[in-house]
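Report on the structure given below.
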Amino acid sequence: MTKAFMNESKSTTDQVRVRFAPSPTGYLHLGGARTALYNWLLAKKTGGVFILRIEDTDTERSTKESVQEIFDGLTWLGLDWNEGPYFQTDNLAKHVEAAHKLLESGHAYRCFCTKEELEAQRKHAETRKMAFMYDGRCRELTPEQIESKVSQGTPYVIRFRVPRDPSAIVAFNDFVYGRMEKKGQDIEDFVVLRSDGRPLYILSNAVDDALDRITHVIRGADHLANTPKQVLIYRALGIEPPAFAHIPLTLDNKKAKLSKRSHGEVVTVSYYRRKGFLPWALCNFMALLGWSPGDGREFFSPEGMIETFDLSKINRSNSTFNYVPGDARNWTDPKAIHFNSTYIRTLPLHELIPYVKQELVEAGLWRDSFENGDKQWFENTIDLIRARYLTLKDFSTRGRCYFADEFEFDEAAVKKNLGKDPQLAEYLPEMASLIENLQTYDTHTIEEVFRSYSEQKNVKAGLLINAARTAVSGTSVGPGLFEMLETIGKDRVVDRLKSAAHLEPRPNKIVLMPKEEPRPNKMIFDEE
RNA sequence: GUCCCCAUCGUCUAGCCCGGCCUAGGACACCGGCCUUUCACGCCGGCGACAGGGGUUCGAAUCCCCUUGGGGACGCCA
């Protein structure tokens, strides 16, 4: 409408400008993170700009912690933004200005109805199972009536004057849902400015998008129904609306009958960080919740996904996050774990190592020699053990025996592999001595010791192999024994074989997964 | 209650717009087998879906209608 506004909002380039605009009222959860990811992907793909805007106009519910969580989460995921963070509250004056412009141009009007009156009407309609929509009684107040109420100091809100012409329709094209139309008659005269002078989201959000020259609004489908209202605002302000892409919501697994209690953290980004996820593994998983390239590919490098990503390939139907509470192995969607473990197994070693380092540092297992004198050994070891790990946590739990001398013995493994034959108490120290005397200590020579010793004693090699495995690692599973013994090292192997001879089956269970912490949340992930 | 969106294996999905190549493909999970010193990986195989009903058509997962189910919006929340 006004020149100032148009100038500020007019797009000066063809560059794609997208934004992630979360409200800092809770955790950054998977739904929001996926929205951020899609925005980021489009920006990267088009050489555009990705903006972070914190929509903190709900001052009662917004928290500093939540803002920090959003920063941390996006940073961890690798979804770097080019502009911002902007804070919506910084633009309040502009939003108010817009509201007044709407008023002046006749696109909006003052409504003096009180909250109480409206609430009563709403209740009334509800009890009679009627649809409630503001009846527009303040719509046609005469200038004199308005003047009178204003001079009396009667509080008022500013409502948008939605076209009531039966033929009026508001339409927009959505990249995902196609052409969307809504009759003006089905849209309420919505409030854009509160009686205390603060703007509402519907206005602030649209004005900010205009101010930030957003070209594509990619957000959750929960905003689909709001969009016609915002289109109305844009038009009334003389601004060309951005393009829209509403993405389907992610739902909870209903059948699991999740209570709010049993939920919580499993839907937050920070939880996956703590649980040992590789950030890109999470991104890859999230991306496929509602988008697919259509050719069956599922694993993408960031570059590959950027290249392949396409708004038109986003689904229209909601997806379900397949989380079943109480399943220790599948503590989150099994497919998410699949992505993580596959990345751990297949990532170029030099890309994985920094994550492993961080994990070992946190667990107190890191030694600086791992990137100096023992660098080669360390890399070989990681490469050897990573194949069967699901999360980074496994490096410090299941992998502990490779980096420390104190580790736990699995009761069942001890019973099965060390308790199998009492003769082992004799065999193991003897083998330890043989190994101790080896001139060269490598996979080949170690294997020779085992093979010839088993022949000599006329016992199955498997008996000795399994016993040794448990003796040096505490478990019954792991890499090939001879590689394992080589990497663990001669001295340690000798010590462990000797002491294992005296090991008896006793309770000493290993707990691999950290305990589930309590926390809950909503069933649906808001996408913005 | 009103308006809107959606509907393929348990889950994520391909196919749908431009009907026939679909006795519906892939992935995860699950089950079995092979490999093997264990566990994984890998490979082979199995289980498993077009929500229901009408139409249109020579032919429908694909088009139309109805029903059902799920979801969203309907706030001086975002």
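Chain letters run A, B, ... following the sequence lines, proteins first, then strands; residues in each count from 1. Just so it is clear, the values below take in all heavy atoms, side chains as well, and ignore hydrogens, waters and symmetry mates.
A/Asp165 pairs by the salt bridge (charged side-chain N to carboxylate O under 4.0 Å, His left out) definition with nothing, not counting sequence neighbours. Under the rule for a side-chain hydrogen bond (donor to acceptor under 3.5 Å, both in side chains), A/Asn466 has no partner lying at least two apart in sequence or in another chain. By the salt bridge (charged side-chain N to carboxylate O under 4.0 Å, His left out) test, A/Arg400 is found to be paired with no residue, residues two or more places apart in sequence or in another chain being considered. Partners of A/Phe175 according to the ring-ring contact (aromatic ring centres under 6.0 Å, His included) rule, which considers only residues two or more places apart in sequence or in another chain, are A/His216. Considering only residues two or more places apart in sequence or on other chains, A/Asn417 meets the side-chain hydrogen bond (donor to acceptor under 3.5 Å, both in side chains) condition with A/Thr470. With sequence neighbours excluded, the residues satisfying side-chain hydrogen bond (donor to acceptor under 3.5 Å, both in side chains) with A/Asn91 are A/Asp208. Annotation: side-chain hydrogen bond (donor to acceptor under 3.5 Å, both in side chains) contacts of A/Tyr389 (sequence neighbours excluded): none.
Distance noted for atom P between B/rC9 and B/rC3: 29 Å (whole Å). Across B/rG48 and B/rC66, the matching C1' atoms stand 30 Å from one another, rounded to whole Å. A gap of 8 Å separates the C1' atoms of B/rG25 and B/rG15, to the nearest Å. Taking the C1' atom of each, B/rC31 and B/rC47 are spaced 7 Å apart, rounded to whole Å. Using P as the reference atom, B/rA60 and B/rG53 are 14 Å apart when rounded to the nearest Å. Taking the P atom of each, B/rC6 and B/rA27 are spaced 29 Å apart, rounded to whole Å. A distance of about 34 Å separates the P atoms of B/rC64 and B/rC28, rounded to the whole Å. Between B/rA61 and B/rC21, the distance separating the two C1' atoms is 15 Å to the nearest Å.
Rounded to a whole Å, the CG atom of A/Asp295 is 11 Å from the P atom of B/rA14. To the nearest angstrom, C1' of B/rC74 lies 15 Å from OH of A/Tyr201. Put simply, CD1 on A/Ile314 is 15 Å from P on B/rC6, counting in whole angstrom units. Counting to the nearest Å, the C1' atom of B/rC12 and the CG atom of A/Leu282 are 15 Å from each other. Look at CG on A/Leu224: it is 20 Å from P on B/rG70, rounded to the nearest Å.
Stacking annotation: A/His223 is stacked on the base of B/rA78 (ring centroids less than 5.5 angstrom apart, interplanar angle below 30 degrees).
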Which side-chain N or O atoms in residues 177-184 of chain A pair as donor and acceptor under 3.5 Å with protein atoms at least two apart or in another chain?
unit_1: A/Tyr177; atom_1: OH; unit_2: A/Arg316; atom_2: O; d: 3.0
unit_1: A/Arg179; atom_1: NE; unit_2: A/Glu181; atom_2: OE2; d: 3.0

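You'll find that the side chain of A/Ser317 is closest to B/rA7, out of B/rC74, B/rG42, B/rA7. With B/rU37, B/rC12, B/rG71 as the choices, the nucleotide that has an atom nearest any side-chain atom of A/Asn318 turns out to be B/rG71. Side chain of A/Asp222, nearest nucleotide from B/rA73, B/rG71, B/rC76: B/rA73. Comparing B/rG1, B/rA78, B/rG71 by their nearest atom to the side chain of A/Lys129 picks out B/rG1. In the set B/rA78, B/rC12, B/rU38, B/rA78 carries the atom at the smallest distance from any side-chain atom of A/Arg61. Proximity note for A/Ala131 (side chain, C-beta onward) versus B/rG71, B/rG42, B/rG1: the nearest is B/rG1.
Of the possible donor and acceptor atoms, one in the side chain of A/Arg398 sits under 3.5 Å from a partner among the backbone N and O of A/Arg388.
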Whether each nucleotide of nucleotides 15-33 of chain B has a protein heavy atom under 4.0 Å at its base (B), only at its sugar-phosphate (S) or at neither (-) is summarised, 5' to 3', as S----------BBSSS---
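Within residues 114-128 of chain A, the residues that have a heavy atom under 4.0 Å from RNA chain B are, in order of number, A/Thr114, A/Lys115, A/Arg122. Near RNA chain B, meaning a heavy atom under 4.0 Å away, the residues from residues 171-186 of chain A are A/Tyr177, A/Met180, A/Lys182, A/Asp186. Annotation: proximity of residues 456-467 of chain A to RNA chain B (heavy atom, distance under 4.0 Å) is found for A/Ile465, A/Asn466, numbered in ascending order.
Across all strands shown, nothing is found opposite B/rC16 as a Watson-Crick or G-U wobble partner with both distances under 3.5 Å. Look at B/rU38: it lacks any Watson-Crick or wobble partner with both distances under 3.5 angstrom. Figure legend. B/rC21 is base-paired to no nucleotide; pairs are counted as Watson-Crick or G-U wobble with both atom distances under 3.5 Å. Across all strands shown, B/rA49 forms no Watson-Crick or G-U wobble pair with both key distances under 3.5 Å. Using Watson-Crick or G-U wobble geometry with both donor-acceptor distances under 3.5 Å, B/rU2 finds its partner in B/rA73. Taking a pair to require two hydrogen-bonding distances under 3.5 Å in either a Watson-Crick or a G-U wobble arrangement, B/rU68 pairs with B/rA7.
If A/Gln88 and A/Gly480 are placed on RNA chain B by their nearest nucleotide, the residue sitting closer to the 5' end is A/Gly480.
Heavy atoms of A/Pro479 sit under 4.0 angstrom from at least one base atom.
Side-chain N/O atoms of A/Thr320 include one lying less than 4.0 angstrom from OP1 or OP2 on B/rC12. Phosphate proximity of B/rG75 to A/Arg194: absent, as no side-chain N or O sits under 4.0 Å from OP1 or OP2. Residue A/Asn315 has a polar side-chain atom (N or O) positioned under 4.0 Å from OP1 or OP2 of B/rU13. The shortest distance between the side-chain N/O atoms of A/Thr57 and the OP1/OP2 oxygens of B/rA78 is below 4.0 Å. Considering only side-chain N and O atoms, A/Thr25 lies nowhere under 4.0 angstrom from the phosphate OP1 or OP2 of B/rA78.
In this structure, a donor-acceptor pair under 3.5 Å is present between the side chains of A/Asp56 and A/Thr89. Under 3.5 Å, the side chains of A/Glu483 and A/Thr443 contain no donor-acceptor pair of N or O atoms. A donor-acceptor contact under 3.5 angstrom links the side chains of A/His95 and A/Ser204, judged on distance only. Using a 3.5 Å distance cut-off with no hydrogens or angles, the side chains of A/Tyr201 and A/Glu55 do not pair a donor with an acceptor.
Checked for salt-bridge contact, A/Glu188 and A/Lys229 miss the test: no charged N lies under 4.0 Å from a carboxylate O. Using a 4.0 Å cut-off between charged nitrogen and carboxylate oxygen, A/Glu455 and A/Arg451 do not count as a salt-bridge pair. Using a 4.0 Å cut-off between charged side-chain N and carboxylate O, A/Lys101 and A/Glu97 make a salt bridge. Between A/Asp295 and A/Arg297, at least one side-chain nitrogen of the basic residue sits less than 4.0 Å from a carboxylate oxygen of the acidic one, meeting the salt-bridge criterion.
Classified by interplanar angle (parallel below 30°, tilted 30° to 60°, perpendicular above 60°), the ring pair A/Phe190/A/Phe160 is parallel.
Judged by distance alone with a 3.5 Å cut-off, a donor-acceptor contact links the side chain of A/Arg388 to the base of B/rC39. A donor-acceptor contact under 3.5 Å is not formed by the side chain of A/Ser476 with the base of B/rC39.
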